[in-house]
Amino acid sequence: MELRCDENDIWTGKAKDPSVPRATYGTAQKMRAAISHKFGRDYQLGTQPWLEHPAVLGKFIGNPSLSVTISQYMVSLRRRKIRAGEAVMSARAMDEPTMKRLWEFAWSTDRKEFGPISRKRKAENPSEWAGFLLRMMLYLLYLLSMLCLLRYDEALRITWADVTFQVQDLLIKNHWLDATPELFTSQVRYQPTQFRVKLELPFRKTHQYGGIAPFYIYADPDQPWMCLLRAFAIWWLLAHERHEDLNGFIFRKKIGVDGISVSPTDCMTSDSFLECFRNNLLNISVDPRPYGTHSFRRGGCQFLHTVRGWSFRKICDWGGWAENFDNSGTIFKYLLSWNDNPAEAREHYMNPNRPGCDPCYSCGRTCHCG
């Protein structure tokens, strides 16, 4: 880190030549995280700080990457980077109004012809990089990452085998049945609120050896742009039109303008996801530069806390942070950042006559008491 990130050469102590590239503070954080993971997982040194053994003189225990020396260096590096003019910031959080605009734009898009297109056509119509089918797959990916607080790599690895559509048992209260074709051939008519999705992830960064609690997703008829159940149902129907038997990855590799790969093992890459996300933002006249693949996880934390009124403990349990709840700084990094869109003008913080917010879909109030 010191060799790549510092302004001064570690061997001579003098300032580096301007032609020598310097890594950012964000890169330094990723390098430290990789080193910590190497020592913690491969060398089985855990996540405890690097300290001298209390009983054996000269012997150290813990993770060397978590030593006091390296922690002090990271603080010093951040201070020097900011002094040099580098803006140290996290990806801007995605918010509900932007998601609504993406939803409305996706529904206003026509279906495109399947297959690749020529470079000339791409140059003549840069905004037509995707059709309705591809946009609905992307929207499911956005909303899933946001509401389930998933990292982008966790979302991209989800398969159809991890998703179970369930319907409410009409005979036994609070009991759910796995949805099968036989249920829908009967005379019983089910309402959208009687369905839910059970999502069981095969992998999470914090649970690499199993023990992952499932996600239960219910309908949100009042806010269709934030209804994950609806997004799952739409993509299930669209994917069925292209593939009779659904198996393999849910989010497939992009083919042409409005097509996906037929191979069940050909998932969308992180680079393709980020490129599509930025193109999507440009379509609705939003600057994509402050956003990144982590924007949905950060935006989900803020949405669940400020809009849905979830407690910190509930968010930590839902997002997989419950085991490390003693590290309270983690959750605040997701909730607060100067780079995010302001939720309210500062002049109205103490204003008793400030404008009301959108009506609550449960009680109908427009006050800011929630």
Side-chain angles (χ1 to χ4, degrees), residues 26 29-30 33 87-103 138-158 197 199 201 203-207 212-218 220 222-223 225-229 231-232 270 273-274 277 280-281 286 288-344 349 357-358 360-362 368-370:
Q29 287 182 305
K30 295 175 183 178
V88 181
M89 61 182 179
S90 55
R92 175 175 294 176
M94 178 58 63
D95 53 16
E96 183 187 353
T98 306
M99 291 294 292
K100 185 177 181 181
R101 293 172 63 186
L102 290 171
W103 167 262
L138 290 170
Y139 194 83
L140 172 61
L141 179 56
Y142 302 157
L143 197 58
L144 180 63
S145 301
M146 184 173 179
L147 294 184
C148 294
L149 308 181
L150 302 181
R151 300 166 183 86
Y152 70 94
D153 56 334
E154 296 170 348
L156 289 174
R157 294 172 64 173
I158 296 175
V197 167
L199 175 62
L201 296 183
F203 164 83
R204 292 211 75 175
K205 180 181 177 183
T206 53
H207 300 78
I212 305 172
F215 293 90
Y216 294 96
I217 302 158
Y218 297 84
D220 187 359
D222 297 321
Q223 295 175 291
W225 58 91
M226 297 302 293
C227 182
L228 186 52
L229 178 63
F232 260 117
S270 57
F273 166 48
L274 185 58
F277 175 42
N280 231 165
L281 291 175
V286 173
R289 288 175 294 182
Y291 294 89
T293 53
H294 220 56
S295 295
F296 298 102
R297 185 168 161 88
R298 293 196 64 244
C301 282
Q302 298 181 17
F303 173 78
L304 294 175
H305 178 62
T306 59
V307 180
R308 295 288 174 86
W310 285 24
S311 65
F312 290 160
R313 181 171 293 276
K314 189 175 180 180
I315 293 175
C316 288
D317 181 56
W318 184 254
W321 291 307
E323 295 182 357
N324 296 321
F325 192 72
D326 56 332
N327 187 10
S328 57
T330 301
I331 187 67
F332 284 102
K333 290 179 181 178
Y334 284 86
L335 293 173
L336 300 173
S337 174
W338 68 269
N339 189 39
D340 295 334
N341 290 319
E344 186 179 3
Y349 283 177
C357 60
D358 293 334
C360 175
Y361 293 99
S362 297
H368 296 264
C369 302

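For clarity, every value in this text was computed on a predicted model and none was experimentally measured. One is the number of the first residue; the rest follow in order along the sequence.
- How far OG of Ser145 is from NE2 of His294: 10.5 Å, rounded to the nearest 0.5 Å.
- At distances below 3.5 Å, not a single donor-acceptor pair connects side-chain atoms of Tyr152 with backbone N or O atoms of Arg297.
- Heavy-atom minimum distance, Leu199 versus Ile158: CD1-CG2, 3.9 Å.
- At least one side-chain heavy atom of Met99 sits under 4.5 Å from a side-chain heavy atom of Phe296.
- When all heavy atoms are compared, the tightest approach of Cys301 to Ile315 is O-CD1, 3.8 Å.
- Between Phe215 and Trp318, the gap from one ring centroid to the other is short of 6.0 Å.
- Remark: side-chain polar atoms of Thr306 are paired, donor with acceptor, to backbone N or O of Gln302 under 3.5 angstrom.
- From Asp95, atom CG reaches atom CE of Met146 across 7.0 Å, with rounding to the nearest 0.5 Å.
- Side-chain contact check for Arg101 versus Val286: some heavy-atom pair is nearer than 4.5 Å.
- Side-chain atoms of Leu274 and Ser270, non-hydrogen and from C-beta on, never get closer than 4.5 Å to each other.
- Classified by interplanar angle (parallel below 30°, tilted 30° to 60°, perpendicular above 60°), the ring pair Phe273/Phe277 is parallel.
- Counting heavy atoms from C-beta on, the side chains of Phe303 and Trp310 never come closer than 4.5 Å.
- At least one side-chain heavy atom of Met226 sits less than 4.5 Å from a side-chain heavy atom of Leu147.
- In this structure, the side chain of Glu154 engages the main chain of Arg151 through a donor-acceptor pair within 3.5 Å.
- Annotation: side chain of Asp153 is not in contact with side chain of Thr293 (no heavy-atom distance under 4.5 Å).
- Here Leu228 contributes atom CG and Ile217 contributes atom CD1; the two are 4.0 Å apart, rounded to the nearest 0.5 Å.
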task = Check the pair Leu281, Thr98 against side chain to side chain contact (heavy atoms under 4.5 Å, CB included), reporting the backbone distance first and the verdict last.
result = CA-CA 9 Å; Leu281 291 175; Thr98 306; 4.2 Å; yes
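- How far OH of Tyr291 is from CE of Met94: 5.5 Å, rounded to the nearest 0.5 Å.
- The closest side-chain heavy-atom distance from Phe232 to Leu144 is below 4.5 Å.
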